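The structure appears below as structure tokens.
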There are 2 protein chains.
Amino acid sequence: MSVTLKDVAQAARVSVSTASRALTGTGLTSERTQQRLVRIARELGYRPNPIARGLKTGQSRLVALLVHNLTNASFQVMAEVVQARLKALGYQMLLCIGGDDPQQESDTLTTLVDHRIDGLIVVPTGKNGAQLKALAKDVPIVCLVRCDDATDLETVLADDPQGAYLGTRHLIELGHRRIGLIVGRQDTTSGRERLSGYVRALREAGITRDDTLIHAGHYVPETGVTCARKLLDLPRPPSAIFVANHEATLGVLRVTAERNIAIPDDLSLLCYEDMPWFEWHRPAISIVDNGARDLANLAVDRLLHRMDAKGNGNDGVREYRVGARLIKRDSCRHIDAPAPAKSGKSKSSSSKSSAAKSAKV
Amino acid sequence: MSVTLKDVAQAARVSVSTASRALTGTGLTSERTQQRLVRIARELGYRPNPIARGLKTGQSRLVALLVHNLTNASFQVMAEVVQARLKALGYQMLLCIGGDDPQQESDTLTTLVDHRIDGLIVVPTGKNGAQLKALAKDVPIVCLVRCDDATDLETVLADDPQGAYLGTRHLIELGHRRIGLIVGRQDTTSGRERLSGYVRALREAGITRDDTLIHAGHYVPETGVTCARKLLDLPRPPSAIFVANHEATLGVLRVTAERNIAIPDDLSLLCYEDMPWFEWHRPAISIVDNGARDLANLAVDRLLHRMDAKGNGNDGVREYRVGARLIKRDSCRHIDAPAPAKSGKSKSSSSKSSAAKSAKV
DNA sequence: CGATAGACTGCAAACGATTGCAGAAACGCT
DNA sequence: AGCGTTTCTGCAATCGTTTGCAGTCTATCG
């Protein structure tokens with residue numbers, strides 16, 4: 001069916017071993033035969049069979065990326081980055097979707113090692129620590145975004161405490177004092193860390209923390225709806241809301257639209273993580289960028305390092321943090337500044353009256 | 001490192017061949033040894049090595065899905081569907097991202113066959129017909145969403161003519177006579193087909209086609225911006241816009257927001273393809289659903305069929321069409337009905353005045 | 001009781017590459 | 001010329017399976 005090494009060897013009238021050495025460049029061949037073989041191989045359209053090679057060498061040129069889903073924008077860019085980097089190095093990416101489900105994760109992991117993957121980047125559920133730990137003996141593994149406390153795996157994390165701090169401080173600098181926070185469940189690391197960053201910024205600014213302004217929930221739009229309602233129904237509603245997760249943002253936007261609350265005039269809105277449409281939205285939504293692209297790149301770097309180091313690429317560092325950064329767009333406004341009378345923003349003046357409750361803050 | 005067939009055979013005091021036959025269930029073993037081996041294999045934690053097996057059988061249990069990107073919502077759900085289906089059957093999905101770039105597509109295709117994939121579902125760029133055709137001899141292939149005219153590959157397509165027709169008719173039924181269309185480039189099948197559906201609906205309703213209402217462009221937000229501007233700047237702007245692609249929708253929404261055009265009161269908006277946030281947007285955006293989920297499922301069905309049929313799963317059918325359907329939400333309104341005075345919609349009354357131009361239609 | 005079919009089992013050769021080892025060739029040196 | 005190096009090449013084993021073929025064993029039947 002396809003051209004094998006044997007065919008090349010025969011055509012060149014040498015043994016298979018010589019052909020192999022010449023083509024893999026293991027240097028033990030004379031310059032002349034080397035070049036001759038390369039030429040013949042090209043002429044015949046020879047392509048080494050990775051399966052056969054894998055059987056002998058124990059490698060597959062396959063690297064797996066295991067994420068929870070593809071609807072999350074961060075995972076999308078990570079997948080694209082990882083794929084691009086790996087391809088450039090001659091690896092194929094096996095993209096697996098675990099659905100944040102421990103059982104699925106576990107199944108996937110076993111079939112992946114069956115396939116003798118050369119490396120693995122995984123966003124762990126946190127429930128398969130033992131298995132991961134065992135696999136780590138055979139395969140270089142790097143954890144991404146979340147860490148699995150049951151393992152001592154190298155992990156590349158977003159700097160959530162700093163990101164949340166940066167965002168909150170930004171709002172404070174704009175004069176906001178009552179800042180609502182919609183954050184992830186407190187039994188997740190990211191949930192806890194984002195809260196802590198928020199709290200730190202408040203403390204630094206000498207603002208006392210008001211727990212009625214803090215709401216935690218799952219990373220789904222519904223959370224945004226219910227939390228936004230609670231916040232806006234407060235006797236003294238916040239003048240700004242920091243939504244520490246992009247799924248919930250959908251819900252918040254819906255509530256503000258329903259109540260005719262103008263952003264940023266009546267309410268400033270800041271989100272965590274970017275989505276492609278945020279900058280197209282009117283007003284364009286300011287965000288704290290968790291650096292998905294950087295995270296993915298670093299994870300690949302670390303993985304490649306481990307793969308090269310053959311077993312002990314352990315540099316002592318266990319946790320890498322990728323800095324977050326603030327991207328200012330149009331959804332946050334200084335609380336004391338008068339509403340700009342720019343054309344196309346006239347909406348705000350009209351809606352302000354009807355959304356008196358929150359505008360009065 | 002890991003348990004091999006030999007280990008199992010030794011533990012059971014039989015030959016490797018017997019072990020192989022017992023575990024693969026090739027029926028040529030006695031009931032007793034069969035069960036004994038299965039038990040022993042399980043005890044030892046034996047897992048067959050797909051690489052070794054693949055070398056002998058020429059199969060890899062790998063099926064590839066090649067799409068353009070992951071930012072497109074349709075591709076996301078397709079990837080998730082394909083992955084789920086395949087996993088259930090013991091295949092691993094190789095997800096590849098081709099970026100709609102012929103060169104990348106070509107490269108990817110060759111490394112995929114190198115890896116001896118058992119099947120391929122591809123959204124073709126259309127520029128590598130010859131290569132695809134050649135590969136089809138070795139590997140079952142199904143094209144998805146787009147067809148490659150240079151091949152005679154089995155293809156699963158969305159029913160774009162019908163979808164566009166459905167959407168346009170819906171708008172007509174709502175009393176619209178001047179319906180703007182923002183559609184894909186006319187050198188793509190989908191671009192042409194969606195236009196044809198639109199035209200057909202118009203003709204059926206006895207509305208004469210007005211080419212100033214039809215704009216074609218790339219599938220990017222910028223297209224939406226420029227086309228929307230052109231449409232709204234028309235002496236007699238349309239009362240409804242049908243955006244036949246979801247990326248451009250972003251741009252259209254931005255323009256309407258900038259100009260304070262209320263949807264659906266001042267302008268009805270209908271989009272092609274769903275995005276997760278469309279139903280959370282206020283107003284929730286009505287769409288024509290291209291049936292990404294169904295498309296993916298059908299593609300998998302067809303591929304599995306071909307894989308089973310070993311070479312001639314050709315049932316004569318070359319093109320499968322998956323029906324589109326209309327999902328009515330809140331962004332389209334009957335042109336003659338008075339603006340509902342529902343609470344939370346008061347915005348429209350104010351903005352109508354400032355966006356007089358388009359409101360006057 | 002012997003022959004023979006039938007049911008299992010094992011040997012050994014594949015699949016397509018890599019690689020240790022030993023032999024061959026070429027070369028320089030005394 | 002003889003010897004030792006060095007450089008290249010080929011043989012053959014190996015990776016973990018599957019599978020054709022031949023051999024063994026049991027059972028059945030005449």
Side-chain angles (χ1 to χ4, degrees), chain A residues 1-38 40-41 44-62 90 110-111 113-118 138 310, chain B residues 1-38 40-41 44-62 90 110-111 113-118 138 310:
Chain A
M1 177 157 293
S2 65
V3 188
T4 79
L5 192 51
K6 199 161 122 197
D7 300 330
V8 177
Q10 260 162 14
R13 317 195 142 276
V14 294
S15 71
V16 221
S17 19
T18 320
S20 170
R21 278 186 279 251
L23 295 177
T24 52
T26 331
L28 295 154
T29 44
S30 71
E31 192 81 355
R32 261 195 41 245
T33 47
Q34 150 105 345
Q35 299 196 338
R36 196 162 59 94
L37 276 161
V38 170
I40 296 184
L44 262 51
Y46 167 73
R47 312 227 75 220
N49 180 333
I51 300 197
R53 179 179 284 173
L55 181 56
K56 182 70 197 187
T57 62
Q59 313 206 313
S60 59
R61 308 249 72 181
L62 252 36
T110 59
T111 72
V113 282
D114 282 353
H115 278 283
R116 301 294 188 276
I117 49 168
D118 291 347
D138 295 347
K310 295 245 163 205
Chain B
M1 177 155 295
S2 63
V3 189
T4 78
L5 194 53
K6 199 161 125 197
D7 300 329
V8 177
Q10 260 164 13
R13 315 193 145 278
V14 295
S15 72
V16 223
S17 19
T18 318
S20 170
R21 279 186 278 251
L23 295 177
T24 51
T26 330
L28 295 155
T29 44
S30 70
E31 192 81 355
R32 263 194 40 241
T33 46
Q34 150 104 344
Q35 299 199 338
R36 196 162 61 95
L37 275 162
V38 170
I40 296 184
L44 262 52
Y46 167 73
R47 313 227 74 221
N49 181 334
I51 300 197
R53 177 177 286 175
L55 180 56
K56 183 68 200 189
T57 62
Q59 312 208 311
S60 59
R61 307 249 75 185
L62 253 35
T110 59
T111 72
V113 282
D114 283 353
H115 278 283
R116 302 294 189 276
I117 49 167
D118 292 348
D138 296 346
K310 296 247 165 203

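Just so it is clear: chains get the letters A, B, ... in the order the sequence lines come, proteins before strands, and each one is counted from 1. Because the structure is predicted, anything quoted here is derived from the model rather than measured.
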Would you mind building the protein contact string for nucleotides 15-27 of chain D? One character per nucleotide, 5' to 3', B for base within reach (heavy atoms under 4.0 Å), S for sugar-phosphate only, - for untouched. BBBBBB-------
Rounded distance in Å - [atom1] ([X]) to [atom2] ([N]):
| X | N | atom1 | atom2 | result |
| --- | --- | --- | --- | --- |
| Q35(A) | dC8(D) | CD | C1' | 16 Å |
| R32(B) | dA7(C) | CZ | C1' | 14 Å |
| E31(A) | dT6(D) | CD | C1' | 17 Å |
| Q59(A) | dT14(D) | CD | P | 21 Å |
| L23(A) | dG16(C) | CG | P | 16 Å |
| Q34(A) | dT7(D) | CD | P | 16 Å |

Once you build an axis from the first five pairs and another from the last five of the helix from dC1(C)-dG30(D) to dT30(C)-dA1(D), how far apart in angle are they, to 10 degrees? 60°
For the atom pair [atom1] ([X]) and [atom2] ([Y]), what is the distance rounded to the nearest 0.5 Å?
| X | Y | atom1 | atom2 | result |
| --- | --- | --- | --- | --- |
| I117(B) | T111(B) | CD1 | OG1 | 8.5 Å |
| L55(A) | N49(A) | CG | CG | 10.0 Å |
| I51(B) | R53(A) | CD1 | CZ | 12.5 Å |
| R21(A) | T33(A) | CZ | OG1 | 10.5 Å |

I'd like to check the salt bridge (charged side-chain N to carboxylate O under 4.0 Å, His left out) partners of R47(B); sequence neighbours left out, ordered by chain and number. D114(A)
Identify, with sequence neighbours excluded, every residue that meets side chain to side chain donor-acceptor pair (under 3.5 Å) alongside S20(A). none
By side chain to side chain donor-acceptor pair (under 3.5 Å), which residues pair with S15(A), not counting sequence neighbours? S17(A), T18(A)
Filter on salt bridge (Lys or Arg N to Asp or Glu O under 4.0 Å), then keep only pairs touching residues 29-38 of chain B, sequence neighbours left out; what's left? none
